[in-house]
Amino acid sequence: MLRLVEDETGSAAVEFLFLSVMLMVPVVYFIVTIGQIQAGMFAVVAAADQAAKVFVSEPEPGQALAAAEEAVAVALGDYGYTAEAVTVDVSCDRPQCPSPGATVSVSVHLSVHLPMVPFGDVLKLDAAHLDASATQKAGRFR
């Protein structure tokens with residue numbers, strides 16, 4: 001009776017390497033995606049806050065809106081996002097805005113795309129849609 005003995009030396013290392021790569025790639029991708037979402041959340045909160053502060057500090061409505069949009073672009077740029085990826089809504093409790101004592105609310109909406117996806121912009125593959133708002137009251141004495 002003949003027995004065939006297979007030599008399995010080194011197969012455990014290959015299996016371990018294969019399984020670790022198969023498990024680690026999705027975990028690392030998940031961590032990168034969560035990091036992008038967290039950065040986007042910080043960006044929209046900072047952008048809304050700064051835009052509201054800048055809006056109430058400007059005396060002219062046209063200048064106030066332009067200054068708020070510039071503040072949003074700067075805040076998003078600090079976190080690596082462009083102004084094209086965001087929409088900004090400004091509302092006021094009075095028809096004449098910004099006027100002394102007026103309350104201004106700024107809402108910022110951002111879509112965070114999935115990282116490292118080819119053609120992600122074209123396919124509209126988003127990881128999250130983030131919103132933040134901030135309210136400021138214009139000073140009574142200008």
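Remark: D93 pairs with no residue by the side chain to side chain donor-acceptor pair (under 3.5 Å) rule, at least two apart or across chains. Scanning for side chain to side chain donor-acceptor pair (under 3.5 Å) contacts around D78 gives an empty result, with sequence neighbours left out. Applying the side-chain contact (heavy atoms from CB on, under 4.5 Å) test to Q63 and every residue at least two apart in sequence or in another chain returns E58, E60. Annotation: side-chain contact (heavy atoms from CB on, under 4.5 Å) contacts of S91 (sequence neighbours excluded): S105. Residues satisfying the side chain to side chain donor-acceptor pair (under 3.5 Å) test with T82, not counting sequence neighbours, are E84. Scored by the side chain to side chain donor-acceptor pair (under 3.5 Å) test, T87 finds no partners at all (sequence neighbours excluded).
Heavy-atom minimum distance, L76 versus A83: CD1-CA, 4.5 Å. Residues D126 and H113 approach most closely at OD1-ND1, 2.8 Å, considering heavy atoms. When all heavy atoms of L114 and A127 are compared, the pair lying nearest together is CD2-CB, 3.7 Å. Annotation for H129 and S111: closest pair ND1-OG, 2.9 Å, computed over non-hydrogen atoms. Residues V106 and A51 share a closest heavy-atom pair of CG1-CB, 3.8 Å. Taking both residues in full, the closest heavy atoms of V56 and K137 are given as CG1-C, 4.3 Å, listed atom of the first, atom of the second, then distance.
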Show every donor-acceptor pair shorter than 3.5 Å between a side-chain atom in residues 24-48 and any protein atom, with sequence neighbours excluded, or say none if there are none.
from	atom 1	to	atom 2	distance (Å)
Y29	OH	P115	O	2.8
T33	OG1	Y29	O	2.9

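Evaluation of the salt bridge (charged side-chain N to carboxylate O under 4.0 Å, His left out) test over residues 34-55, restricted to residues two or more places apart or in two chains, returns D49-K53. Sorted pairs that involve residues 66-76 and meet side-chain hydrogen bond (donor to acceptor under 3.5 Å, both in side chains), not counting sequence neighbours, are lacking altogether. Residue pairs meeting the disulfide (SG to SG under 2.5 Å) criterion with at least one member in residues 21-94, sequence neighbours excluded: C92-C97.
A 6.0 Å sphere centred on CE of M116 holds more than 12 heavy atoms belonging to other residues, nucleotides or ligands.
The OH atom of Y79 lies 12.5 Å from the CG atom of L110; values are rounded to the nearest 0.5 Å.
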Evaluate side chain to side chain contact (heavy atoms under 4.5 Å, CB included) for F55 paired with V90, printing each intermediate quantity in order. CA-CA 9 Å; F55 192 90; V90 178; 3.9 Å; yes
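Hydrophobic clustering, with ILVMFWY side chains joined whenever heavy atoms are under 4.5 angstrom apart, groups V86 together with V104.
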